[in-house]
Amino acid sequence: MRRFGKAVAALAVAACTLFGGVATANADENYYEGDLGSTKVGTPAVSDVGAHTANVSFDYQIDPSILPKVQSVCFAVEVMRVTSIKPINLPQFGGNPSYSLTSCSGGTSDGNLTSGSYQSIFGTKTWPVKLDEDVMSYATGQTFQSYNTDKWNHAASGTVQMPVIGLQSNTTYGNTGDWTDLDYTATWWKLLHRSGGVCKLADPTGASFACSNAYDQPVDVRSLYAGMRIVLKDGSAINFGQTAKPISDFTTKAEPTATPAEALPSKTDAKLDVANGHAEPGQTARVYVDNLKAEAKAKADANSLFWNAYIYSEPQALTGPNGSPFVQVQKEASTGKYYFDAVIPAGLPTGEHKISVQDENGTVQAWTPVTVGDAPAPVDKSKLTAAVDAAGKLSEKDYTADSWTPFAKALADAKAVAAKQDASQTEVDAAVKALADAQAGLKKAETVPSKPVEPSKPDNGGNNKPSNNKPANDKPAADDKKSESKNDEQSDLAKTGASVIGVAGILVLLVVLAAGLLVVGKARR
């Protein structure tokens with residue numbers, strides 16, 4: 001989450017100054033004095049309650065007459081839980097209080113929190129409750145705001161999801177006292193009112209109170225509201241208190257416990273992967289989460305997916321780099337992968353360990369082995385590269401489809417591992433073996449013999465000269481010899497028949513001539 005961008009966690013100051021580094025609001029801001037119309041917030045709902053986190057959602061609506069005048073909208077959740085009050089002076093109502101309102105400015109963004117700032121904002125502490133410059137009492141507990149200045153998409157209505165972090169485990173949050181029957185009442189007024197309520201009677205008649213030396217009085221003062229602050233273009237503002245609605249009571253879960261190492265499931269839907277399978281003690285490790293379910297992805301995209309992480313052999317809880325007792329699953333902008341960052345304990349022994357994550361219900365979502373300490377040797381991809389190059393030269397048409405399909409998949413997987421910058425040696429070796437096995441399983445495709453082409457018969461005008469399509473010095477095949485012999489016989493028969501016909505004709509002619517001569521001779525006699 002970026003500063004002034006995503007959800008910003010800031011202290012809701014119950015006095016003019018509280019803890020170092022936290023901005024206070026301007027008490028003299030210019031309020032919007034017009035009719036709010038239909039500008040309002042619907043009843044908030046709470047979901048995904050963990051030990052230290054919860055998600056708050058609510059509908060909002062901005063009156064159409066106001067919408068063109070709006071410059072910005074900030075959605076916020078204000079949290080207060082006070083367990084004790086030490087009164088100093090009896091509050092004199094009617095003075096000029098200096099107190100903070102939910103101003104949607106200053107503070108520290110969730111993404112910029114450190115282990116120190118997390119505790120300074122969200123931990124239990126004691127602060128003064130003031131009227132003008134006079135300290136009326138000291139309150140002990142929690143009070144802070146979570147707000148977001150860029151969730152508004154310029155729409156007149158919609159639904160807002162607000163992740164709230166920094167809650168205490170096994171603790172009830174909500175509203176107490178008579179304030180829930182009224183519109184929003186500033187936390188400062190609630191504490192001031194309660195301070196007077198715990199002052200001791202100095203006079204049995206009730207004529208006076210004594211507060212100056214009072215000790216801490218246990219109380220249960222809770223205030224939990226969700227709303228929005230609208231800044232208009234003319235500089236006026238519709239304040240958080242003008243739209244805020246109380247959030248129903250809920251109780252956070254008990255501090256989570258780690259699943260024992262021997263009870264870690266052998267198979268999970270989600271998968272974890274630590275870069276190079278290695279982490280250093282005292283350093284932040286980035287753990288990638290793959291195969292998230294759709295619902296978990298949606299929460300991660302909304303920066304509201306909070307899990308509990310542990311490292312084994314003896315399970316120890318891992319903290320986020322901001323000091324939170326949980327980790328936040330987010331999407332990596334450069335790669336689109338989901339991940340969480342966790343601090344590896346400084347005193348952790350070097351060697352083989354496991355990292356696991358559990359959801360808010362204690363269900364193990366995934367786990368992975370990790371080497372802590374001694375840096376692993378550089379990954380050698382030379383065998384994988386050579387195997388990929390050699391396999392890439394094979395042709396699909398030379399192999400059966402059934403054997404080529406697993407080979408093609410193994411080749412694609414091997415290429416992906418070769419291109420992966422943070423691939424471990426185990427991944428590389430496994431890809432080499434898988435590709436070799438798939439290549440060994442390739443089966444040659446059967447070659448179907450083609451039918452022989454019969455040579456064309458020569459068309460040479462009936463003579464025995466070689467045709468134009470066949471070299472003259474080629475020896476005739478046996479079939480060709482038989483064919484040629486048959487053709488020769490037919491040709492000889494044809495010639496013999498022609499000769500017989502010619503001789504017979506001559507003989508007939510001679511007989512006719514002879515007969516004619518005989519007739520002529522008789523006539524002369």
Side-chain angles (χ1 to χ4, degrees), residues 9-22 24 51-52 78-102 116-145 164 166-180 182 185-225 246-247 249-252 254-255 323 325:
L11 291 171
V13 211
C16 59
T17 305
L18 193 51
F19 312 110
V22 179
T24 59
H52 303 282
E78 184 182 274
V79 180
M80 182 183 73
R81 187 179 188 280
V82 175
T83 56
S84 70
I85 291 178
K86 182 178 181 179
I88 302 300
N89 295 301
L90 182 65
Q92 301 296 320
F93 292 97
N96 180 27
S98 176
Y99 59 90
S100 171
L101 299 171
T102 300
S117 63
Y118 183 92
Q119 288 302 319
S120 70
I121 293 174
F122 300 119
T124 298
K125 54 192 64 67
T126 299
W127 67 93
V129 181
K130 292 183 176 182
L131 182 65
D132 289 331
E133 295 303 317
D134 296 330
V135 177
M136 297 293 102
S137 61
Y138 287 92
T140 299
Q142 280 187 295
T143 178
F144 63 89
Q145 303 162 5
V164 179
L167 305 176
Q168 295 178 327
S169 62
N170 203 24
T171 299
T172 299
Y173 290 86
N175 293 276
T176 57
D178 300 330
W179 303 295
T180 53
L182 306 172
T185 303
T187 56
W188 180 87
W189 285 106
K190 295 174 183 178
L191 290 176
L192 200 61
H193 181 272
R194 196 57 184 267
S195 295
V198 297
C199 287
K200 287 182 146 188
L201 284 172
D203 184 341
T205 64
S208 63
F209 292 84
C211 294
S212 57
N213 295 316
Y215 54 87
D216 288 350
Q217 297 285 331
V219 296
D220 182 15
V221 180
R222 285 176 277 134
S223 179
L224 186 63
Y225 278 79
I247 300 173
D249 292 5
F250 67 89
T251 301
T252 55
E255 197 70 41

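The first residue of the sequence shown is numbered 1, and numbering continues consecutively from there.
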Open item on the list: Please evaluate residues His52 and Thr252 with respect to the criterion side chain to side chain contact (heavy atoms under 4.5 Å, CB included), reporting the C-alpha separation (whole Å), side-chain torsions for both, the decisive distance (0.1 Å), and the verdict.
Closed with: CA-CA 7 Å; His52 303 282; Thr252 55; over 6 Å; no

Open item on the list: Measuring from atom CH2 of Trp127 to atom OG1 of Thr140, what distance do you get when rounded to the nearest 0.5 angstrom?
Closed with: 7.0 Å

- [ ] Would you give the length of the straight line joining atom OG1 of Thr126 to atom CG of Asp216, rounded to the nearest 0.5 angstrom?
- [x] 7.0 Å

Task: Side-chain heavy-atom pair Arg194, Val82 within 4.5 angstrom cut-off - done: no

Return the minimal non-hydrogen interatomic distance between [X] and [Y], and the atom names on each side.
{"X": "Ser195", "Y": "Pro87", "answer": "O-CB, 3.9 Å"}
{"X": "Ala139", "Y": "Val129", "answer": "CB-CG2, 4.1 Å"}
{"X": "Val135", "Y": "Ile88", "answer": "O-CB, 3.7 Å"}
{"X": "Tyr225", "Y": "Ile247", "answer": "C-CD1, 3.9 Å"}
{"X": "Glu255", "Y": "Ser169", "answer": "OE1-OG, 3.1 Å"}
{"X": "Thr185", "Y": "Lys190", "answer": "O-CE, 3.0 Å"}

Sidechain-backbone polar pair: [X] side chain, [Y] backbone, donor-acceptor under 3.5 Å:
{"X": "Arg81", "Y": "Thr172", "value": "yes"}
{"X": "Gln142", "Y": "Gly166", "value": "yes"}
{"X": "Lys130", "Y": "Pro128", "value": "no"}
{"X": "Ser223", "Y": "Thr187", "value": "no"}

Open item on the list: If we check side chain to side chain contact (heavy atoms under 4.5 Å, CB included) with Arg222, which of these qualifies: Thr83, Asp249, Asn175?
Closed with: Asp249

TODO: Take atom CZ of Phe250 as the centre, draw a 6.0 Å sphere, and report whether it contains more than 12 heavy atoms from other residues, nucleotides or ligands.
DONE: yes

Task: Candidate pair Leu191 and Met80, rule side chain to side chain contact (heavy atoms under 4.5 Å, CB included), full reasoning - done: CA-CA 10 Å; Leu191 290 176; Met80 182 183 73; 3.8 Å; yes

